[in-house]
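Below you'll find the structure, written out as structure tokens, and then a few comments.
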Amino acid sequence: MRVSQFLLSTHRETPAEAEVVSHRLMLRAGLIRQLARGIYTWMPLGLRVLRKVERIVREEMNAAGAIELEMPAVQPAELWQESGRWDEFGPELLRLKDRHQRDFCIGPTHEEVVSDIVRQEVKSYRQLPLNLYQIQTKFRDEIRPRFGVMRAREFVMKDAYSFHADPESLERTYRAMFDCYTRIFTRLGLKFRAVAADTGAIGGTGSHEFHVLADSGEDAIAYCPNSDYAANVELAEALAPGPRAKPAAALARVHTPGVKTIAELCAFLGIPAARTVKAVVLEGADGRPVLLMVRGDHELNLSKAAKLEQVKKPVAFSAGESIRSRFGAGPGSLGPVGFKGVVVADHTVAAMSDFVAGANQDDYHYTGVNIGRDFPEPVVADVRNVVAGDASPDGKGQLEIVRGIEVGHVFQLRDKYSKALNLSFLDETGKSRLMEMGCYGIGVTRIVAAAIEQNHDERGIIFPRAMAPFELALVPIGAGKNAQVRATAEALYTDLTAAGIDVLIDDRDERPGVAFADMELIGIPHRVVVGERGLKAGQVEYQGRRDPKAQPVTLQDAVQSVKSKVCADEFV
RNA sequence: CGGGGUGUAGCGCAGCCUGGUAGCGCACUGCGUUCGGGACGCAGGUGUCGGAGGUUCAAAUCCUCUCACCCCGACCA
């Protein structure tokens with residue numbers, strides 16, 4: 001491609017609204033332009049990146065035995081009413097009416113449509129298993145889109161759905177998809193981690209998220225550096241730390257005027273947060289309140305708490321006023337001593353002694369609180385988020401926490417949708433049975449932003465070769481003045497292109513600084529410069545995007561040598 | 001949805017308080033000089049001042065309404 005024939009839309013200045021680095025760079029480099037809140041045009045340069053990501057995803061999905069189809073973005077309400085999600089999905093589902101006042105939605109996902117296809121087309125166990133996928137534009141009316149295409153309302157997703165006669169078959173395809181995703185992110189040149197994820201309301205045996213590692217990621221991932229254990233912090237198990245020490249201090253009621261938070265309590269008493277216990281009151285399943293205790297410096301995990309049989313579903317906090325009327329104290333002064341209801345202690349709390357907790361009276365706390373002595377043994381459960389330094393659940397060391405951007409998710413749906421949408425087939429014995437189902441998503445547009453978060457410097461983007469809009473920038477210097485420079489650059493352009501390299505030649509008659517700055521900003525991983533100076537010595541220059549300096553290459557060797565460099569670092 | 005903020009040329013912004021010919025930098029067009037890290041000079045084009053209504057002799061500026069976009073929060077003790 002020639003810059004003179006392309007639409008390069010780079011900016012020197014960053015648009016004011018962009019917060020994160022990938023968003024800023026994508027705007028400056030002219031990869032995307034915003035049309036409306038959370039809705040973006042993919043400019044020619046950005047589309048090249050997107051297409052390269054799609055190509056790899058498609059190749060690997062096909063290789064893993066999935067079959068591509070394309071389903072409509074606009075979907076009739078009837079299907080969604082049938083699955084129950086017309087009402088469940090909430091305002092994220094963009095609804096509209098056609099000219100006949102019939103209800104439709106823009107598909108945020110395609111379980112309903114694909115299930116409708118499969119229940120019409122698949123009748124026999126002989127047709128199973130089946131894995132169907134598409135790469136398609138979705139719309140989710142997010143509360144707050146942000147970070148450019150990282151969390152956009154309209155985005156491109158690869159979504160796959162598999163159908164099975166039995167759970168074992170589902171398990172096999174699930175593994176195949178897990179491996180497929182691993183290959184995809186590896187080929188894309190990304191640092192990533194597969195992590196065990198919460199299966200949420202659907203339940204089922206398996207769900208993994210694939211995260212691109214980046215400090216700006218919205219998700220926290222706990223992992224063990226000594227093993228392959230990794231889980232979303234929401235899900236990672238917080239183990240019991242050890243036996244409880246014997247009570248040493250006497251229970252004492254302390255006046256703590258105005259103290260509401262753990263930070264205030266620690267400041268007031270001059271103790272570390274790890275000596276305190278904070279309490280949260282939830283509505284209980286049997287109507288009695290449930291008091292959950294976690295250590296002062298720990299964080300309650302509501303999805304874990306929701307799994308307790310004592311807790312009412314869906315989880316509801318006791319409102320501040322009802323807490324006050326029932327316990328005579330506001331939130332911030334609650335504690336286990338004398339609490340009328342169910343008391344649940346986190347494993348860590350269960351191992352604490354002589355701690356500080358609320359006294360169930362405003363402006364008072366107890367010090368020297370001990371389980372068993374001062375209040376009955378509580379229910380012990382894992383109800384907190386893990387923190388760095390916690391023991392890894394596989395016993396192989398201490399957990400560390402990194403941040404990640406979720407770019408893929410594999411999920412065993414089991415029969416949630418086959419039940420709702422009556423996905424049945426006839427087995428070997430002629431009996432009608434429900435299909436097992438899995439779903440597998442990749443955020444294609446989000447991958448581009450995530451890759452930039454992970455790969456950039458002060459000059460701009462550094463694309464991994466596999467998704468770079470072009471693999472090599474060819475920059476002639478002074479081509480307008482020097483016919484030899486021009487002729488050499490043109491010859492190299494022809495030869496390198498013929499050698500299978502995706503070359504962008506900067507044939508504008510710009511000053512060198514402009515050309516270099518543009519090629520670096522848009523993240524082209526390799527660069528060859530042709531200049532009068534080098535040509536006198538029969539040389540051109542090669543420089544990798546991450547290299548500190550250019551190195552000379554003789555003209556005769558140029559094509560071969562450059563090709564080996566372009567192909568060297570990553571596999572595509 | 002709650003709170004805060006911003007809308008003025010393609011991009012970044014000033015002007016608004018105190019009403020009186022709409023500006024600056026970058027970008028863009030032409031000419032010339034320049035040419036290995038975002039050049040310089042001269043000349044030039046570019047605006048429903050987000051929209052509607054109101055006050056006024058006069059509104060980018062004051063008032064009312066409205067729309068769009070951005071940020072923060074929305075599971076906390």
Side-chain angles (χ1 to χ4, degrees), chain A residues 7-20 23-24 27-28 30 33-40 90-91 141-148 153 234 259-265 273 276-283 291-294 296 298-306 311 314-321 323-324 327 329-335 357-358 360 362 365 383 385 458-460 473 475-482 485 506 508-521 527-536 539-541 543 549-550 552:
Chain A
L7 179 63
L8 204 58
S9 317
T10 54
H11 280 309
R12 264 184 98 155
E13 285 170 296
T14 308
E17 76 270 14
E19 279 289 302
V20 296
H23 189 197
R24 279 201 294 270
L27 289 169
R28 274 194 63 203
R33 289 287 179 255
Q34 182 174 2
L35 180 65
R37 182 183 165 81
I39 300 176
Y40 292 86
D141 202 354
E142 295 275 353
I143 299 178
R144 186 141 98 84
R146 62 184 118 175
F147 307 150
R153 294 195 293 174
E234 296 269 300
V259 170
K260 293 256 185 293
T261 65
I262 291 294
E264 288 164 4
L265 182 62
T276 68
V277 161
K278 63 182 166 192
V280 177
V281 179
L282 301 182
E283 301 285 351
L291 181 119
L292 296 166
M293 294 191 291
V294 298
H298 286 160
E299 211 175 281
L300 180 71
N301 179 317
L302 278 179
S303 63
K304 287 180 178 178
V311 170
V315 175
F317 287 94
S318 283
E321 277 319 297
I323 290 178
R324 190 169 295 279
F327 311 116
S333 304
L334 297 173
N360 293 323
D362 280 341
H365 283 79
V383 292
N385 290 336
E458 64 289 343
R459 292 175 172 181
V475 183
I477 290 174
K481 286 281 176 296
N482 187 317
V485 168
D506 194 342
R508 302 173 293 184
D509 194 20
E510 277 290 355
R511 300 168 66 84
V514 174
F516 294 156
D518 272 344
M519 297 303 117
E520 284 161 353
L521 174 62
R527 182 177 80 196
V528 167
V529 176
V530 181
E532 196 176 71
R533 225 162 57 187
L535 284 186
K536 281 184 183 148
Q539 291 173 336
V540 295
E541 285 165 24
Q543 185 171 3
K549 281 180 67 176

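What you see is a predicted model, and the numbers here were worked out from it, not measured in a lab. Worth knowing before you read on, the calculation uses all heavy atoms, side chains too, and leaves out hydrogens, waters and symmetry mates. Order of the sequence lines sets the chain letters (A, B, ...), proteins ahead of strands, with each chain counted from 1.
- In plain terms, the two heavy atoms of Ala515(A) and Asp506(A) that are nearest each other are CB-OD2, 3.2 Å.
- Comparing the same atom, P, in A22(B) and in C40(B) gives a spacing of 30 Å after rounding to whole Å.
- Using C1' as the reference atom, C17(B) and C62(B) are 11 Å apart when rounded to the nearest Å.
- Counting all heavy atoms, side chain and backbone alike, Leu291(A) lies closest to Leu334(A) at CD1-CB, 4.3 Å.
- Considering only side-chain atoms of Arg146(A), the nucleotide from G73(B), A77(B), G38(B) that sits closest is G73(B).
- For the pair Leu27(A) CG and A27(B) C1', the interatomic distance rounds to 17 Å; values are reported in whole Å.
- Side chain Arg28(A) to base G38(B): a donor-acceptor pair is found below 3.5 Å.
- For the C1' atoms, the distance from A43(B) to G50(B) is 33 Å, rounded to whole Å.
- Here C76(B) presents its P atom at 17 Å from CD of Glu264(A), a figure rounded to the nearest Å.
- For the pair Gln34(A) and C70(B), the criterion of a side-chain N or O lying under 4.0 Å from OP1 or OP2 is met.
- The shortest distance between side-chain heavy atoms of Gln543(A) and Val529(A) does not fall below 4.5 Å.
- Remark: the separation of the C1' atoms in U8(B) and G4(B) is 22 Å, to the nearest Å.
- Going from atom OG1 of Thr276(A) over to atom NE2 of His298(A) covers 10.0 Å, rounded to the nearest 0.5 Å.
- The distance between atom CZ of Arg24(A) and atom P of C71(B), rounded to the nearest whole Å, is 12 Å.
- Here CD1 of Ile477(A) is found 7.5 Å from CZ of Arg533(A). Values are rounded to the nearest 0.5 Å.
- Rounding to the nearest 0.5 Å places CZ of Arg146(A) at 13.0 Å from NE2 of His23(A).
- In this structure, Leu8(A) and Met519(A) have side chains that are in contact, with non-hydrogen atoms separated by less than 4.5 Å.
- On the C1' atoms, C49(B) is 16 Å away from C67(B), given to the nearest whole Å.
- Nucleotide G2(B) is matched to C72(B) when pairs are restricted to Watson-Crick or G-U wobble geometry with both distances under 3.5 angstrom.
- For Arg12(A), whose side chain is taken as the heavy atoms from C-beta onward, the closest listed nucleotide among C70(B), C26(B), C72(B) is C26(B).
- Taking the C1' atom of each, G25(B) and G20(B) are spaced 27 Å apart, rounded to whole Å.
- For the C1' atoms, the distance linking G7(B) with G47(B) amounts to 14 Å, nearest Å.
- Across Val530(A) and Val485(A), no two heavy atoms sit closer than the pair O-CG1, 3.7 Å.
- One atom, CZ of Arg153(A), and another, C1' of C70(B), lie 14 Å apart when rounded to the nearest Å.
- At whole-Å resolution of the value, CE in Met293(A) and C1' in A77(B) are 15 Å apart.
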Which atom pairs link the protein and nucleotides 8-13 of chain B when you take only N or O atoms and keep those under 3.5 Å?
unit_1 : atom_1 : unit_2   : atom_2 : d
C11(B) : O2     : Glu13(A) : OE1    : 3.4
G12(B) : OP1    : Ala16(A) : N      : 3.1

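- Rounded to an integer number of Å, the gap from Leu8(A) CG to A27(B) P is 15 Å.
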Q. Is there a side chain to side chain contact (heavy atoms under 4.5 Å, CB included) between Phe516(A) and Arg459(A) once you walk through the steps?
A. CA-CA 10 Å; Phe516(A) 294 156; Arg459(A) 292 175 172 181; over 6 Å; no

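- Under the Watson-Crick or G-U wobble criterion, with both distances below 3.5 Å, U21(B) has no partner in any strand shown.
- Each of Ala36(A) and Glu299(A) was assigned the nucleotide of RNA chain B with the nearest heavy atom; the assignment lying further toward the 5' end belongs to Ala36(A).
- Remark: side-chain polar atoms of Arg33(A) are paired, donor with acceptor, to backbone N or O of Leu27(A) under 3.5 angstrom.
- Residues that satisfy the side chain to side chain contact (heavy atoms under 4.5 Å, CB included) test with Arg153(A), not counting sequence neighbours, are Arg37(A), Ile39(A), Phe139(A), Asp141(A), Glu142(A), Pro145(A).
- Spacing between C28(B) and A9(B) at atom C1', rounded to whole Å, works out to 11 Å.
- A 3.5 Å limit on both hydrogen-bonding distances identifies no Watson-Crick or G-U partner for A60(B).
- In the set C69(B), G73(B), A77(B), the nucleotide with an atom closest to the side chain of Arg144(A) is G73(B).
- With a cut-off of 3.5 Å on both Watson-Crick or G-U wobble distances, the partner of C40(B) is given as G32(B).
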Q: At under 4.0 Å between heavy atoms, which parts of nucleotides 30-37 of chain B does protein reach? Answer with one letter per nucleotide, 5' to 3': B base, S sugar-phosphate only, - none.
A: ----BBBB

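- C76(B) atom P lies 13 Å from atom CG of Leu292(A), rounded to whole Å.
- For A14(B), there is no paired nucleotide, since no Watson-Crick or G-U wobble pair has both relevant distances below 3.5 Å.
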